[in-house]
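Each remark here refers to the structure printed beneath this line.
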There are 2 protein chains.
Amino acid sequence: MATVNLRDVATLAGVSVGSVSNVLNRPGTVSQDVSQRVLSAIDTLGYVRNDAARQLRAGRSRCIGLVVLDIANPFFSDLVRGAERRAAEENLTVLLGDTEEDPARERVYIDLFAEQRVYGLLVSPLGEAMPRLRALKKQGLSTVLMDWHTEDHQFSSVAVDNVAGGKLAVDHLLEMGRTRIAFAGGPHSIRQVSDRFEGARKAVAQHPGATLEVIDTQSLTVLQGREAGHRISQRKAAARPDAIFAANDLLALGVLQAFNLSGRISVPNDIALIGYDDIDFAAAAMVPLSSVKQPSTEIGHTAVDLLLREVAAGADFEPERIVFQPELVIRDSTSAQH
Amino acid sequence: MATVNLRDVATLAGVSVGSVSNVLNRPGTVSQDVSQRVLSAIDTLGYVRNDAARQLRAGRSRCIGLVVLDIANPFFSDLVRGAERRAAEENLTVLLGDTEEDPARERVYIDLFAEQRVYGLLVSPLGEAMPRLRALKKQGLSTVLMDWHTEDHQFSSVAVDNVAGGKLAVDHLLEMGRTRIAFAGGPHSIRQVSDRFEGARKAVAQHPGATLEVIDTQSLTVLQGREAGHRISQRKAAARPDAIFAANDLLALGVLQAFNLSGRISVPNDIALIGYDDIDFAAAAMVPLSSVKQPSTEIGHTAVDLLLREVAAGADFEPERIVFQPELVIRDSTSAQH
DNA sequence: CCATTGTGTTGAATCGTTTCACCATTAAGC
DNA sequence: GCTTAATGGTGAAACGATTCAACACAATGG
């Protein structure tokens with residue numbers, strides 16, 4: 001219970017605290033004898049370093065804070081994995097905060113990580129966080145934005161061109177002869193959603209005779225997708241869209257489940273369906289799901305890379321902006337009617 | 001860059017550091033006037049608390065360390081969610097470590113959290129971690145085990161009866177008239193895997209004429225499932241099992257993908273397939289997947305509960321052991337042959 | 001008018017580690 | 001044998017927030 005500290009170790013080993021610290025942090029500068037004694041003292045006492053004290057002295061921790069919208073979304077868990085691997089190479093650890101798309105919780109995590117004096121922050125921000133992030137930047141907190149960038153070019157960022165992705169998806173639907181397009185997604189305050197919608201809008205605008213309807217969801221989850229699908233299946237057949245672009249794969253899979261349950265709507269015959277992210281489960285769905293693929297792991301990897309460069313460069317750092325291009329993946333859910 | 005600290009705030013506000021601390025931590029005991037001045041000073045300086053210093057004094061942080069095998073597995077992301085919600089109620093934050101089933105990384109996270117003097121630890125341990133956890137318990141680190149328990153009853157634990165679950169799954173397969181059962185999963189060093197296998201073994205043992213084959217995988221992922229499925233589909237039809245029990249849904253979905261890709265094997269006609277966890281995607285699969293359901297969110301929730309009780313009780317705490325019962329979910333992937 | 005109570009505020013001690021200027025001891029050089 | 005270097009080791013001063021005994025001052029009661 002009473003925690004063992006460096007002094008206890010030093011006493012038992014019969015050396016000074018400085019030497020114990022040296023054994024731990026600069027093994028080269030210490031004699032065999034002392035090193036031996038210290039290590040065995042550590043062992044018998046079960047000494048565990050106190051990171052708070054280390055950090056207090058060092059001024060900064062060896063953890064990177066990563067704030068994501070939804071870890072239940074495979075896109076983000078892949079992204080996390082990419083970030084973790086790159087971080088591990090530099091002997092850094094990733095601390096993960098899941099906001100469930102809630103701005104309040106986003107704020108809590110950002111503040112928590114700031115107070116922890118993390119090495120740096122990786123955020124895919126909901127809009128409201130930006131002023132706070134600017135303020136924290138002034139206090140020396142390096143941040144890399146994901147799927148977001150600022151006009152003033154103050155932050156490094158790594159993103160996928162969501163507008164292009166949205167356009168890709170809907171262009172494909174239009175090419176397959178669909179014209180009554182519906183965009184399912186929300187809330188539009190999420191950048192990814194509004195950008196993908198913007199792409200959809202562009203595609204439809206270039207195609208005379210095509211229409212775009214918006215089906216709002218409260219979040220980007222399977223459950224919300226089911227709900228949206230249910231609402232659509234309740235409509236009279238004539239009032240239904242002939243194609244749906246879902247803001248992500250979770251929604252799309254939910255919609256698919258709802259259609260299947262209703263027994264009234266066949267994908268792709270009645271309605272074509274395309275999602276976004278190309279998660280592993282998209283290919284395994286009831287009707288293999290067309291989607292727009294993003295290099296999720298690479299995004300996480302690259303974000304850490306940018307962060308490392310920024311911290312290394314210090315004050316005179318020129319923020320970088322990296323944009324990946326999305327890729328269309330065509331499967332059965334958008335094949336031709338027959 | 002130069003970080004702002006309490007003293008800076010105190011100076012600007014024209015009060016002592018003690019008073020600033022009071023404004024932050026005991027707002028009731030401070031006059032309007034001082035409070036006002038301090039808050040505005042904090043605002044103009046952009047002061048951010050230093051958690052390291054707080055913790056050093058407090059001796060313990062307000063974060064719970066949660067170590068999971070694989071965040072890409074929806075079972076674990078649901079569990080995390082349950083834990084986070086319960087933690088939030090107590091004004092605690094969850095720090096997440098993903099080991100990807102790697103004992104080395106598990107050890108890194110456990111040590112990291114111990115050094116951070118987290119409020120407590122929630123682990124679903126790979127076997128090798130137990131000695132370390134015992135040692136850390138002596139140093140005052142409270143730990144709740146998930147899907148694991150020790151004979152000596154030293155740790156609180158929350159688990160689902162994986163043996164019963166495995167038996168449930170295979171009993172079902174046998175009832176549907178299958179006899180050449182295969183268990184797909186691995187490594188067997190993972191407790192969940194060996195327990196579920198044990199359940200399968202029991203079921204088969206009670207059923208004369210039934211056989212049980214083991215198909216090893218390196219991890220519990222969709223990719224490994226695909227690989228295993230591929231290997232099976234390469235065999236001559238007569239050498240294939242007529243039912244597969246996969247150690248989790250990710251594997252099962254991978255197997256399903258491989259069979260579908262091969263075009264040679266139909267589920268459930270040629271081979272019945274059942275998974276474990278009943279993740280959201282199981283119901284949406286190409287062939288809706290039978291599975292064994294676990295109360296994932298509740299597990300996380302309960303684990304935090306146990307931890308809170310343990311920390312509150314202090315030294316004279318009697319570890320508790322909670323076991324949930326799994327539930328069979330039957331879908332098309334195990335329906336009768338026709 | 002003094003004693004008592006209460007309300008705010010202060011300053012110094014504390015938490016455990018790291019760092020660094022400064023000793024001790026030995027080895028090498030002449 | 002004495003100086004110079006080199007090698008190990010030491011102890012005290014940070015780091016920044018919290019806590020708490022002590023104090024200042026005002027209000028109340030007798």
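Proteins come first, then strands; the chains are lettered A, B, ... in the order of their sequence lines, and each starts at number 1.
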Taking all non-hydrogen atoms of both residues into account, name the closest pair between [X] and [Y] and its distance.
X	Y	answer
B/Asp70	B/Ala72	OD1-N, 2.8 Å
B/Phe113	A/Leu95	CE2-CD2, 4.3 Å
B/Leu24	B/Tyr47	CD2-CE2, 4.0 Å
A/Asp111	A/Leu136	OD1-CD1, 4.4 Å
B/Ala303	B/Val158	CB-CG1, 3.6 Å

Along DNA chain D, 5' to 3', what are the outermost nucleotides having an atom less than 4.0 Å from a heavy atom of chain A?
->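 Going 5' to 3' along DNA chain D, contacts run D/dG8 to D/dG16.
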What's the verdict on side chain to side chain donor-acceptor pair (under 3.5 Å) for B/Asp33 and B/Ser31, showing C-alpha distance, side-chain angles and the deciding distance?
-> CA-CA 5 Å; B/Asp33 176 48; B/Ser31 72; 5.1 Å; no
Short side-chain N/O contact to C/dT10 OP1/OP2 from B/Ser19, under 4.0 Å |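 Checking C/dT10 against B/Ser19, a side-chain N or O does come within under 4.0 Å of OP1 or OP2.
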May I ask you to verify if any side-chain N or O of B/Ser31 is less than 4.0 angstrom from the OP1 or OP2 atom of C/dT9?
->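 Looking at the OP1 and OP2 atoms of C/dT9, one of them is under 4.0 Å from a side-chain N or O of B/Ser31.
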Side-chain contact test, heavy atoms from C-beta onward, threshold under 4.5 Å: evaluate it for A/Ser189 versus A/Leu126 and give yes or no.
->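 Side chain of A/Ser189 against side chain of A/Leu126, heavy atoms only: no contact under 4.5 Å found.
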Spell out protein contact along nucleotides 16-24 of chain C as letters: B when the base is contacted, S when just the sugar-phosphate is, - when no protein heavy atom is under 4.0 Å; keep the 5' to 3' order.
-> BBBB-----
Spacing of B/Arg37 atom CZ relative to C/dG8 atom P, expressed in whole Å |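 In whole Å, C/dG8 P and B/Arg37 CZ are 15 Å from each other.
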Using the six-membered ring of B/Tyr119, assess whether NZ or CZ of B/Arg60 lies under 6.0 Å from its centre and within 45 degrees of the ring axis.
->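 Yes - B/Arg60 lies over the ring of B/Tyr119, closer than 6.0 Å to its centre and within 45° of its axis.
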